[in-house]
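Proteins get letters first, then strands, A, B, ... in listed order; numbering begins at 1 in each. FYI, side chains are in, hydrogens and waters are out, and symmetry mates aren't considered; it's all heavy atoms of this structure. Every value quoted in this text rests on a predicted model; they were computed, and no experiment measured them.
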Protein chains: 2
Amino acid sequence: MSTEPVSSSTRPATIHDVARESGFAASTVSRALSNPGRVNVQTREKILAIARALNYTPNSQARALTSGQTRSIAVLVSDITNPFYFGLIRGTQQQLKAANYLQMLVDTAESSDSEAATIDSLRRSADGAILTASRLSDQQLVSLSERMPLVAINRHVPGIPAVIIDTPFGIDQALDHLASLGHRRITYVSGPDMSWSNERRWQRLEKTAQKLGVQPVRTREYAPSLASGAAAAEAMINSESTACVVFNDLIAIGMLERFRERGVRVPEDISVVGCDDIFGASFCNPPLTTLTAPIERAGRMAVSMLLSRLEAGPDSPPPPPMLLPTHLTVRKSTGPARQR
Amino acid sequence: MSTEPVSSSTRPATIHDVARESGFAASTVSRALSNPGRVNVQTREKILAIARALNYTPNSQARALTSGQTRSIAVLVSDITNPFYFGLIRGTQQQLKAANYLQMLVDTAESSDSEAATIDSLRRSADGAILTASRLSDQQLVSLSERMPLVAINRHVPGIPAVIIDTPFGIDQALDHLASLGHRRITYVSGPDMSWSNERRWQRLEKTAQKLGVQPVRTREYAPSLASGAAAAEAMINSESTACVVFNDLIAIGMLERFRERGVRVPEDISVVGCDDIFGASFCNPPLTTLTAPIERAGRMAVSMLLSRLEAGPDSPPPPPMLLPTHLTVRKSTGPARQR
DNA sequence: AAACTTTCAGCAACCGTTTGCCAAAAATTG
DNA sequence: CAATTTTTGGCAAACGGTTGCTGAAAGTTT
């Protein structure tokens, strides 16, 4: 028995400390802790007792070195500032925690090259990554996915596992709703040109609108922020449309504010439909009619997908993209078309 | 020169691959990459070129093993669901990124023992931790801080570095504001009994109210969620008070909704002051008068504090708690007291 | 009781990097 | 040109675990 005090201020106990203290070899300690059947019950108990007494915690770095597994997953978001990600992060965190994984949250804010570089440097610290609204090219994504297991959210590239929130499906419902309220000219308030979702939403809107005999119009691009809602609102005021479908709730809520300042009544003068149903959409003024996306669920799904991918090995066939349905939540920002 | 194809699908290149390919020893490669002066310029360039060609990324696990540094920081939040943390996470992420650290985001949701256990298991994966609204006892916190560098947010325990948002300071402003509007009986809508901030807010409110000749009243505890705002609103309706200061914006916004449903006008019938100024406080209905907290800044500060603590070494004297001022942001949820 | 199995613990190599120490080579000095 | 100093690169030992292999001890089968 060593006579050294078990000071809590010294550096953490290693497996060797436990070995020395217990009189067994390090390898035996290792097995006692992680491979119970391989060791005598009594031996095991002695070792466990000592480990507990020493407050031993395995060093995950060292473990990762041999196992090649870090038990952590990187979650990359393009802009933490966007409330859309709140739900997503919540979802990934939940699921990762349940599977006993750690979440490394990374904001890629910058350009796409920095995004690629960031991921590369993460390649060794995480077992896999979840990418949201990636600015990477299809090409880059594919080459990246050869180097580390990936799941994309809201981005479809053949061969890359993905979770896709099927907003276009909801777009149809929104258009039905708007058309039945008598709107005949509907503006799509566009998000970033680079956004894959944005393009998809517009295309579906255009197509369905024509089917319904409604005239679709598209604005220039707006950054997804509360602030850019003001400009979007002005544009809307100057247009002929009586209703708009907005790229996301953030912009939509921003628009609502400006409308109020300008004395434009929603929904009497203009109807507004958002996308995503983020935190705030239910209590803004007026409460926003929006396409409710199962954001949290998307996060959870992405994690499950990634984790089962990790188990299956890199050579398993990539799973088909997972489509998550969206539905229209009617609140107070839509109403009968004004005659104009 | 090796003839093996540089396949991107094989596992990542190690320092030994670079060594073999370049004809130098692994130690030389290591130095070329991280200790430039220690190696011949030409050697260095050759090595760098090869490293680049091989797409070499140092294995951070292995590096951590020798250096003892992981270059990542754990950020523990008690409930990711709370929008208050959004700003915080944003702040920590910003600052960590700038310092080239990774953020491990952890939700401790559960009980306090699980919180302690979680931290212990993280002890080896992170160089330090930032705790928010920790449910740990003073005792536990101190013993923990002996094992790993810690910064607490909104929690003061002697000897533990902390960033504290000085809401009590703002409480005075809120009370002044309310008193000058003629309110003579003010209810404090209480948050969780366990919350250190909650207790502080109430105590200050009680004291200042008495100084101003206003009668302070305290409700039972409410969970910090939109949903519990409904019950809080009911309680408020049944009270004699004409104004309330609410533990946080989340509850306050929930109350606003219920007031509207019940036909209670804000601020004509009841004035409401929130705390924190979270996302949503500016556009709820009516926009919320609240104590604006520099949440993001708190996150950034906490990181700076932790990082400089890491540099200074564990034996450096703990820095004094950092107090961040708060101010009243008057919006539309407060007005003259109704005679009742 | 001999031969064979099974159980259990230890040895040693390995994972990918860093780093102290050493020695060969080059540069400088006398 | 010898002696001394400086550069520069390699060897080998960590760091803290895991794991294949080995062999002693114990248990089982004839």
With a 4.0 Å cut-off on heavy atoms, is [X] in touch with a base, just the backbone sugar-phosphate, or nothing at all?
X	result
A:Ser30	base
B:Ser60	nothing
A:Ala25	sugar-phosphate
B:Ser22	nothing

Backbone N/O of [Y] and side chain of [X]: donor-acceptor pair under 3.5 Å:
X	Y	value
A:Asp107	B:Gln94	no
B:Arg90	A:Thr81	yes
B:Ser72	B:Ser125	yes
A:Arg124	B:Thr57	yes
B:Arg44	B:Arg38	no

Spacing of [X] atom [atom1] relative to [N] atom [atom2], expressed in whole Å:
X	N	atom1	atom2	answer
A:Gln69	C:dC15	CD	P	17 Å
A:Ile47	C:dC8	CD1	P	13 Å
B:Tyr56	C:dT18	OH	C1'	10 Å
B:Gln61	C:dT18	CD	P	13 Å
A:Arg63	C:dC15	CZ	P	19 Å
A:Asn35	C:dG10	CG	P	15 Å

Quiz prompt | B:Arg309/B:Asp127 salt bridge by N-O under 4.0 Å criterion | solution =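 Salt bridge flag = no for B:Arg309 with B:Asp127.
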Quiz item: Which one of B:Leu54, B:Val29, B:Ile50 satisfies the side-chain contact (heavy atoms from CB on, under 4.5 Å) criterion with B:Asp17?
Solution: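 Only one option passes, and that is B:Leu54.
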Quiz item: Out of A:Ile160, A:Ile164, A:Leu131, A:Leu141, which one pairs with A:Arg155 under the side-chain contact (heavy atoms from CB on, under 4.5 Å) rule?
Solution: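 Running side-chain contact (heavy atoms from CB on, under 4.5 Å) over A:Ile160, A:Ile164, A:Leu131, A:Leu141 with A:Arg155 returns exactly one hit, A:Leu141.
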Practice problem: Check every nucleotide of DNA chain D for an atom under 4.0 Å from a heavy-atom of chain B, then give the first and the last such nucleotide from 5' to 3'. | Solution: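 Using the under 4.0 Å cut-off, the span is D:dT8 to D:dG17.
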Quiz prompt | Most 5' of B:Ala26 and B:Leu65 on DNA chain D, judged by nearest nucleotide | solution =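 Upstream on the strand: B:Ala26.
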Exercise. Please tell me which of B:Thr28 and B:Ala62 maps to the more 5' nucleotide of DNA chain C, matching each residue to the nucleotide holding its nearest heavy atom.
Key: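 Its nucleotide being nearer the 5' end, the pick is B:Ala62.
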Quiz item: Just by protein heavy atoms under 4.0 Å, how would nucleotides 20-25 of chain C read 5' to 3' in B, S and -?
Solution: BB----
Quiz prompt | Flag for B:Thr70-A:Gln61: side-chain donor and acceptor within less than 3.5 Å | solution =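 Side-chain D/A pair, A:Gln61 to B:Thr70: absent.
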Self-check item: Presence of A:Thr43 side-chain N/O under 4.0 Å of C:dA9 phosphate oxygens OP1/OP2
Solution: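 Answer yes for this pair, as a side-chain N or O of A:Thr43 is under 4.0 Å from OP1 or OP2.
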